[in-house]
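Report on the structure given below.
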Amino acid sequence: MDFREDSFMLILGLIVVLAISVQSVFFLIRAIRRGREIGVSSLVIKNTVISSVLFTLAPSLAIVATVVALSPSLGIILPWIRLSVIGNITQETTAASTALASVGDGSSLSFAVTDKGTFNVVMWVMALASSFPLLIIPLMLKRLQKGIKKFSGNKDSKWTDAMSASAFLGLISAFIARSIAGVGTFNSVSGQYNYDGAGLISAAALVSSIIAMIILQKIALRYKIKWLDSFAMPMSMLLAMGVVIVLAQVLPESLYQLEWRMPQPTVG
Amino acid sequence: MNKEALRSYDDKTHIAGRISMISILVILLAVPLAFSLHYNVFPNIKLLDLGQLVGIFIMFYATAIVETIAYTPLLGTSGMYLGFVTGNISNLKLPCAIAAMSKADVKSGSQEAEVVSTIAIAVSSIVTTITLAVFVLLLRPILPSLTAEGSLLAPAFKQVLPCLFGALAASYFFKYWKLGIAPIAVLVIVLLFSGSIPVGTLIPIGVAVSLVATHLLYKKGYV
């Protein structure tokens, strides 16, 4: 049996998934209990749970797509482990491809890794590269929070509210700006252009999502539909994804793939 | 709720967070170690091109420090311990938490916000873990047809982020439009000069610009 996907690897994967599930469930139960103690209503808790489920489903499938993209080279279990813990799409692909390049035997993400030693190097590099936050957060977080509290403690609440909203806006702006003016990337597995830069489709996705959100919120407000207000955000995201699928089917390829700027392919 | 009880809850959160995070770190590193011991293969450092590896380690570790600092005021205590374990913070956990807090109408940094964002991040982590496990373990035969390059759903997966952040922006920017102008304008200009800057680099720039601009707007009395 392929060592990348044998029962030994499967057991390792299950142990990792079990550990992170225990942590998530523990904090979930603790937060719900705490919410009840401080008077957060059951409705708020219920809506938070349902809207978070809806919000997460589609991006989770996008993460599954990364696991699939890495699986011809690394098998399905290692990408599954890596994307379940800490991992994100860009970091894991970068770590894996650099690890393979460092072995220097011509291995790359374009071919199946058949040597156990090479595979083990990839495992170590991916784990060590991404695990740093798990070391620094237990050491730094409390002190960091104290520092932030001390800095903002003397200011009035209007200033604190505005600054906390503005930090969120800074994060959201990064993604909005990328959809408006970003240049796309090349797939580090296949070497092909990803068509993920800013262009007609990213703008259509962004605008559809904004319009859907405005319409759904207006409907919820006018007809006093409380549940719709709570789920307007995940529904807008899914509706916009539906628009993208329809556009991909009806638009000619030249228009569908239209991007404002195309990057130069990297050589080598 | 008196201050002492609050402090003790927060202290307990740190203790639980530290124990769980360090335990998962140990498990994470035990995976390659178990493989090494099981097959008796160990990386031969002398044969590796260490230059390349050191390069990505520096990059990843620097990103980890910047992300830890940037996300601390946004994620809450439990959210930090949870979110950094399951990852995909900026593209999933944080938007999920922001959406939940916005809908629940809780003040950022309050006890209620800590509860709501923790529930959102925990649920999001559980759903991601289950989705990945179900698809990887049970639906492997049909996986490629769902996610492959030419599949019906593939175009939508590529645009998950604009779809997600469009909805979030619509909700947030209408509330605080004055604060949103500066970071978007600056980041678009930055991207016009260097379009391939990854979003991980844009986030700290966006947050810094946004904080400075908001502080100035506050001083001038516009906020």
Side-chain angles (χ1 to χ4, degrees), chain A residues 12 19 23-24 27-28 31 35 38 44 48-49 52 55-56 59-60 62 64-65 68 80 86-88 98 102 116-117 120-121 123-124 127 129 132-134 138 144 162 164-166 169-170 172-175 177-179 181 183 196 202 205-206 209-210 213 233 236-237 240-241 244-245 248, chain B residues 18 20 25 27 32 39 41 43 48-49 52 56 60-61 64 72 78 84 87-88 92 96 99-100 104 108 115 118-120 122-128 131 135-136 147 155-157 159-160 162-167 170 176 179-180 183-184 187-188 191 195-196 202-203 206-207 210 214 223:
Chain A
L12 291 182
Q23 191 207 25
S24 302
F27 275 101
L28 176 63
I38 60 170
V44 167
T48 303
V49 171
S52 301
F55 216 87
T56 306
S60 290
V64 170
V68 174
W80 170 47
I86 317 170
N88 68 46
T98 314
S102 76
K116 290 190 184 91
N120 190 225
V121 170
M123 289 177 94
W124 276 109
F132 194 50
L134 304 196
L144 206 57
S164 103
S166 110
L169 287 163
I172 298 170
S173 302
F175 287 92
R178 198 85 182 73
S179 311
V183 171
D196 59 347
S202 72
L206 188 67
S209 179
I210 291 173
M213 183 70 190
M233 240 181 266
S236 304
M237 175 181 74
M241 287 176 76
V244 172
I245 292 172
Chain B
R18 283 170 178 166
S20 63
L25 173 65
I27 292 171
Y39 288 109
V41 284
L48 298 176
D49 179 355
Q52 290 196 46
I56 66 151
F60 278 35
Y61 289 3
T72 295
S78 307
F84 272 86
N88 287 292
L92 185 52
C96 205
S108 172
V115 164
T118 306
I119 294 173
V123 168
S124 183
S125 298
I126 293 166
V127 171
T128 310
T131 310
F135 274 83
V136 167
T147 57
F157 289 141
Q159 302 301 336
V160 159
C163 294
L164 192 159
F165 279 93
Y176 305 99
L179 310 183
I184 289 201
L187 291 178
V188 167
L191 283 170
S196 52
L202 290 175
I203 290 171
V207 172
S210 187
T214 301
V223 176

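Residue numbers start from 1 in every chain, and the chains themselves are labelled A, B, ... in the order their sequence lines are given, proteins ahead of strands.
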Which portion of B/Tyr39 sits near chain A, non-hydrogen atoms under 4.5 angstrom: side chain
Taking all non-hydrogen atoms of both residues into account, name the closest pair between B/Ile184 and A/Ser173 and its distance. CG1-OG, 3.5 Å
Can you tell which of B/Ala156, B/Gly180, B/Ala170 has the highest number of heavy-atom pairs within less than 4.5 Å of chain A? B/Ala156
Measure distances from B/Ile56 to the heavy atoms of chain A and classify the residue's part below 4.5 Å as side chain, backbone, both or neither. side chain
Considering all heavy atoms of both residues, which atom of A/Ser209 and which atom of B/Gly166 are nearest to each other, and what is their separation? OG-C, 3.4 Å
Sort out for me which of A/Val121, A/Leu12, A/Ile245 touches chain B most, counting heavy-atom pairs under 4.5 Å. A/Ile245
Hey, which of A/Ala129, A/Ala31, A/Pro59 has the most heavy atom pairs under 4.5 Å with chain B? A/Ala129
Of B/Gly87, B/Ala167, B/Ser125, the largest count of non-hydrogen pairs under 4.5 angstrom with chain A goes to B/Ala167
Distance (rounded to the nearest 0.5 Å) between B/Ile119 CD1 and A/Thr48 OG1: 5.5 Å
Under 3.5 Å, side chain of B/Ser124 to main-chain N/O of A/Ser52, donor-acceptor pair present? no
Are any side-chain N or O atoms of B/Ser210 and backbone N or O atoms of A/Ser166, one a donor and one an acceptor, separated by less than 3.5 Å? yes
Reported OG-to-CG distance for the pair A/Ser60 and B/Leu92, which is rounded to 0.5 angstrom: 5.5 Å
Using a 4.5 angstrom heavy-atom cutoff, name the option from A/Ser179, A/Ser102, A/Ala177, A/Pro133 with the most pairs to chain B. A/Ser102
With sequence neighbours excluded, residues passing ring pair (Phe, Tyr, Trp, His ring centres under 6.0 Å) with A/Phe175: B/Phe165
Given that the side chain runs from C-beta out, which part of A/Val44 has a heavy atom under 4.5 Å from chain B: side chain, backbone, both or neither? side chain
Mind checking the CG-CD1 spacing from B/Leu187 to A/Ile172? Nearest 0.5 Å is all I need. 12.5 Å
Please identify, among B/Ile203, B/Ile27, B/Thr118, the residue contributing the most non-hydrogen atom pairs under 4.5 Å to chain A. B/Ile203
Full working for side chain to side chain contact (heavy atoms under 4.5 Å, CB included) between B/Ser20 and A/Phe27: CA-CA 10 Å; B/Ser20 63; A/Phe27 275 101; 3.9 Å; yes
Highest number of heavy-atom pairs under 4.5 Å with chain A: which of B/Ala100, B/Ala104, B/Ser78? B/Ser78
Let's test your reading of the structure: which of B/Leu202, B/Val188, B/Leu164 forms the most heavy-atom pairs below 4.5 Å with chain A? B/Leu164
Counting heavy-atom pairs under 4.5 Å to chain B, which of A/Ala240, A/Ala19, A/Ser24 comes out on top? A/Ser24
Under the ring pair (Phe, Tyr, Trp, His ring centres under 6.0 Å) rule, collect the residues that match up with A/Phe132, sequence neighbours excluded. B/Tyr61
Out of curiosity, B/Phe60 CZ to A/Thr98 OG1, how far, rounded to the nearest 0.5 Å? 7.0 Å
List the atom of B/Ile126, the atom of A/Leu28, and the distance in Å for their closest heavy-atom pair. CD1-CD2, 3.9 Å
I need the minimum non-hydrogen distance between A/Ala162 and B/Leu179, along with the two atoms involved. O-CD1, 3.8 Å
Between A/Val244 and B/Cys163 the two heavy atoms that sit nearest each other are CG2-SG, 4.4 Å
Ignoring hydrogens, what is the shortest heavy-atom contact between B/Gly195 and A/Arg178? Give both atom names and the distance. O-NH1, 3.5 Å
